[in-house]
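In listed order, ligands and their atoms are each counted from 1. Keep in mind it's a predicted model, so treat the numbers as computed, not measured. Values reported hereafter were calculated over all heavy atoms of this structure, with side chains retained and with hydrogens, waters and symmetry mates removed.
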Amino acid sequence: MRHPSFRPLLILIAFICLVSLPTSSLVSAQDDPQAPLVVDIQYTDLDDLAFFAAKFDVWEVDRKLNTIKAMITQADYQQLIAAGYHIEIDLPNTTLVNAPLKSLPGQRSGISGYPCYRTVEETYAAAESIAASYPELATWSSIGESWEKETPGGAEGYDLMVLKLTNSAIAGDKPKIFIMSALHARELATAELNARFAEYLASNYGIDADVTWLLDYHEIHLLLHANPDGRKHAEGGSYWRKNTNDTYCVSNSNYRGADLNRNFPFHWDSGYSSILECDETYRGPNPLSEPESISISDYVIAQFLDQRGDDDNDPAPDDATGIFIDLHSFGDLVLWPYGFDNTSTAPEPNNTQLQTLGRKLAFFNDYSPEQANFGYSPASGATDDFAYGTLGIAAYTFELGTFFFQDCPTFTDTILPDNLNALIYAAKVARTPYMTPSGPDALDLAVSPYPVAFNPQFTLSATIDDQKYQNSNGFEPTQVITAAEYSIDQPLWEAGVTSFPLLPIDGVFDEKEEAVSASVNTLGLSPGQHILFVHGQDASGNWGAVSAIFFRVDYAVYFPLVMH
Ligand SMILES: [Zn+2]
């Protein structure tokens with residue numbers, strides 16, 4: 001009974017008939033009593049906000065105006081009016097969520113009206129094609145079944161499929177990053193970003209030096225469609241969020257299903273999810289009640305070591321490994337645990353470490369870096385709390401862009417490039433996500449001359465910069481650069497590797513951004529392509545993320561010269 005002024009009214013409301021909606025532009029919403037409304041609701045205090053966030057499908061919170069934007073049923077609308085809340089119907093968004101999708105002229109693939117987003121089938125075919133084209137780098141395998149597939153006698157359903165990317169020719173334990181998308185069905189940009197990340201990695205192996213070392217020495221696990229049953233409804237134009245489990249909300253099939261991002265076991269049902277089956281934030285009857293969440297939980301637990309104690313206040317060690325990212329829409333946010341209530345934070349030092357990596361990821365996508373319960377709203381039973389809380393791995397939720405059915409130009413021009421850079425950075429630091437993001441970045445790597453042919457010496461240059469953080473929410477401390485080094489062909493993090501210094505071009509390490517260079521000697525190297533690894537250190541002793549560049553040695557050209 002979080003909200004005593006509201007709950008008793010539920011009984012009275014049954015006797016209040018629906019009033020007619022205030023405009024003719026809501027034709028479909030008026031015709032269909034199940035049609036959703038998008039509304040702006042004035043809340044009075046934080047308890048009020050928490051109650052709405054737990055019950056409703058909240059799209060946005062404006063803490064200055066004390067309003068939330070939410071998609072609600074017409075019954076909810078009547079109840080809120082009767083309870084005395086000030087509510088305004090958002091006509092453009094209500095019209096939008098009730099409008100059927102229309103294909104663009106000549107559109108042959110993708111979601112109708114949104115050709116940049118592939119359907120479930122098209123996404124699965126693309127992933128299968130990656131695995132077929134790059135068998136040494138990619139495998140595509142089932143980790144479980146959707147509710148419809150698992151349930152006899154109903155619709156066909158889908159397997160939940162993971163695309164695993166790593167160079168299988170290099171053995172050994174490798175740091176892992178797990179990225180999932182489309183857990184909420186209508187969040188169209190998320191699965192496409194994940195699929196494009198896979199395509200970028202596979203097609204740039206051996207071409208881009210960073211992609212090459214990432215796949216040589218890491219495992220990248222991508223669950224492209226975490227809720228394919230729900231997604232098929234969204235592809236038909238519905239703003240479907242939950243899975244499609246029809247044992248819940250049997251009275252109104254448009255609102256059936258469980259909210260999979262409220263169904264995970266860490267602090268499940270801690271007050272920030274709904275107990276009502278027809279609500280969009282329905283948590284399910286018990287933790288992991290749904291086949292999708294069971295499959296995801298089992299897979300993640302099988303992949304990552306448990307590196308944290310069982311108490312909420314047990315931190316994972318500084319050298320804990322592994323990153324978990326759940327891609328959602330929308331809000332332009334990078335969020336980290338805890339999010340299960342309004343007050344709890346992850347234990348130190350992890351809380352600060354999660355914030356540091358959050359600010360770094362947000363530097364790339366220019367989102368707001370926030371603890372999951374800040375500014376937005378708490379949510380219990382979410383995936384990021386599960387991944388950090390259960391295993392101690394660094395866990396994040398991205399809220400991509402500015403709408404569920406994001407327009408294609410915004411996706412292609414902004415969301416995709418910015419977030420690809422954020423995901424690449426995340427992969428780079430998956431080995432030690434609580435340490436490396438504090439260190440400076442190695443940028444602008446260059447080799448001159450290229451290719452290395454006429455002289456066994458060449459110049460390697462780079463910029464070492466400690467300032468690449470998104471500081472819109474607090475200010476990340478930064479330090480002057482104190483060192484930089486490189487290695488040839490052997491990664492810098494491996495034991496016993498031979499490393500060489502890069503020195504400041506202006507003669508002294510005394511700035512937070514330093515241009516550095518070194519003269520690299522190639523004598524003794526075999527002909528062909530080689531890779532240089534570079535990283536820098538700041539005055540706090542933090543080594544930052546590695547960047548790499550290829551160079552070629554062509555002895556056929558220069559041997560006659562050096563032997564002369
Ligand atoms: Zn979501």
### Task
Return the name of the atom in His328, of element N, O or S, nearest to the Zn ion (ligand 1).
ND1

### Message
Quick one: does any side-chain atom of Asn263 pair with a main-chain N or O of Ser293 as donor and acceptor, under 3.5 Å?
### Response
no

#### Entry: Ionic contact status for Asp40 with Lys69, cut-off 4.0 Å
yes

### Message
I'd like to know if the Zn ion (ligand 1) has an N/O/S atom from Glu399 within less than 2.8 Å of it, counting both backbone and side-chain atoms.
### Response
no

### Task
Taking the Zn ion (ligand 1) as the vertex, measure the angle between atom OE1 in Glu187 and atom ND1 in His184; round to 10°.
120°

### Query
Taking 4.0 angstrom as the limit, do Glu199 and Arg118 come out as a salt bridge?
yes

### Message
Within the supplied structure, the quantity of interest is the number of heavy atoms (other residues, nucleotides, ligands) at a distance under 6.0 Å from Glu156 CD; does it exceed 12?
### Response
no

